[in-house]
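Everything on this sheet refers to the single structure shown next.
Owing to the predicted nature of the structure, the values given are computational and were not obtained by experimental measurement. Counting starts at 1 for both ligands and their atoms, following the listed order.
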Amino acid sequence: MNQELFEEKYGVERLNTNCTKWDGLEGKFGEKDLISMWVADMDFKAPEKVIEELKRRIEHGVFGYSQIPESYYNSFINWEEKHHNYKVKKEWIRYTPGVVAGIYWIVNIFTEPEDSVLVSTPVYYPFHNAVKENNRKLIFSNLINNNGIYTFDFDDFENKIIKNKVKIYILCSPHNPIGRVWKEEELEKILDICERNNVLVISDEIHHDLILKGKHLPSAIIKGGRYSKNIITLTAPSKTFNLAGCQNSIAIIEDEKIREKFDEYATTKARVSNGNLFGYIAAEAAYTYGEDWLKGAINTILGNYNYMIIKLKEELPEVIVSPLEGTYLSWIDLRKYINPNNLQEVIQKECRLAVDYGEWFGEAGLGFIRINLATSRKYVEEATTNLIKVLKK
Ligand SMILES: Cc1ncc(COP(=O)(O)O)c(C=O)c1O
């Protein structure tokens, strides 16, 4: 399905639906009248089968205590095998009420206060919060930025681990905000360093279905699963099918001892062992019937990205847009045009954009913005036009 058709079928205005992205503008940015391109969800309706199955359940009219449907597990297991070549066993699958919640839990379970947790910056800022808010020590290893293309600094990565006796590394794969889909050799090196240094890996793969270039490789299948017992994979249908409000996420834990500790925490400390009945219905329908919808969504994101980079290259040749291999979040270096200290002023007050500011993702992001491209073309056109008009001045 091309962008035009996809937008015609699924495009929707979201204002006045209590959505964070549009209705939350005033709370977050202090004004309403902005083009909203921050927070990572899509301005598209979910696949029709998701809506149908939810309606069917609603019509039954009883919303009492529920069990996790067996068919839900099968839909996820089949999806992972078909799309990522990862053969997940049912007994490895656990519920978390969001990937971020899962990260908070794991940090709590597998580290003590003051232990060190490593992240590769710039990276999704709730990773930072999960460490800091739990009174653990947050260690940064900056990615190397070569003209917008980011790679790991393996030496720095390992040195930081050794020096700080790091206990957990939070990997973002694909990486929000810099859009990389990590290659096999990169993942292998990272996982190998972690294993050699007894560092547990949280592999956040929430964006793993949103691949524009290259192929996503689950960390747990690298080298035939060589490192899988040292990894907790977190994923969800939320980014893939725009279901974040359902708060239905998945932890895949292959190691039995890690699973036991996780279960003990989830059932006795957090007292949360399964999720909302609608979340399972939405997830199952999406994993079972959502493939064509996803192809249309990816074409739409790609269309928006190509439109934006062509225009920016023509009009603002020194803006650096990182190649978008995965996610729908474009990472843009504006340092050649705007003094980083004035960035918010220019982007919000003059360009009228609500974006995620690079510095939220770590110091290395100062002077950058992150733009959400999972929206209709008209907003991408407006945002690009405003950027060009203001920055050319
Ligand atoms: C890398 C990453 N992890 C987790 C999340 C959020 O997950 P959840 O809403 O399930 O907590 C996001 C959302 O943007 C994300 O980009």
Side-chain angles (χ1 to χ4, degrees), residues 19-21 24 28 36-43 46 76 93-108 117 119-131 133-134 143 150 168-182 201-212 216 218-219 231-252 266 270 272 274-276 278-280 282-283 286 297 301 322 324-331 354-358 360-362 365 369-375:
C19 71
T20 307
K21 190 177 171 199
K28 182 77 180 173
S36 189
M37 306 194 92
W38 69 298
V39 76
D41 67 11
M42 306 188 190
D43 293 329
F76 174 66
I93 300 174
R94 292 295 180 276
Y95 166 80
T96 70
V99 162
V100 172
I103 296 172
Y104 274 69
W105 289 6
I106 295 162
V107 166
N108 264 293
V117 177
V119 297
S120 298
T121 36
V123 76
Y124 182 57
Y125 39 89
F127 287 13
H128 310 204
N129 300 340
V131 180
E133 287 170 1
N134 283 306
L143 297 167
Y150 286 80
I168 288 182
Y169 170 57
I170 313 175
L171 168 69
C172 198
S173 177
H175 194 111
N176 170 12
I178 51 88
R180 278 291 319 275
V181 172
W182 301 116
V201 177
I202 300 175
S203 188
D204 178 338
E205 302 186 21
I206 196 169
H207 294 280
H208 72 335
D209 296 311
L210 294 152
I211 305 301
L212 281 65
H216 171 78
S219 297
I231 297 168
I232 300 179
T233 304
L234 298 175
T235 191
S238 51
K239 299 290 162 204
T240 310
F241 299 107
N242 203 24
L243 303 174
C246 293
Q247 297 198 299
N248 195 292
S249 302
I250 295 160
I252 307 170
V272 176
N274 72 23
N276 176 298
F278 296 109
Y280 291 114
I301 295 156
S322 289
L324 189 61
E325 299 173 349
T327 84
Y328 45 74
L329 307 163
S330 183
W331 183 243
V355 300
D356 282 53
Y357 289 98
W360 298 353
F361 301 83
I369 58 171
R370 192 198 74 176
I371 281 194
N372 178 347
L373 293 170
T375 187

Is a side-chain donor or acceptor of Thr327 paired with a backbone partner of Asn176 at a separation under 3.5 angstrom?
-> no

Side-chain heavy-atom pair Ile206, Ser238 within 4.5 angstrom cut-off = yes

Within the 4.0 Å heavy-atom cut-off around ligand 1, the contacting residues, ordered by chain and number, are Ala40, Gly98, Val99, Val100, Tyr124, Cys172, Asn176, Asp204, Ile206, His207, Lys239, Ser249

Report yes or no: does Tyr328 contribute a side-chain atom to a donor-acceptor pair with the main-chain N or O of Ala40 at less than 3.5 Å?
-> yes

Is the closest side-chain heavy-atom distance between Pro177 and Leu329 below 4.5 Å?
-> no

Between the main-chain N or O of Pro122 and the side-chain N or O of His175, is there a donor-acceptor pair closer than 3.5 Å?
-> yes

Apply side chain to side chain contact (heavy atoms under 4.5 Å, CB included) to the pair Lys21 and Thr375, showing each step before the final yes or no.
-> CA-CA 11 Å; Lys21 190 177 171 199; Thr375 187; 4.1 Å; yes

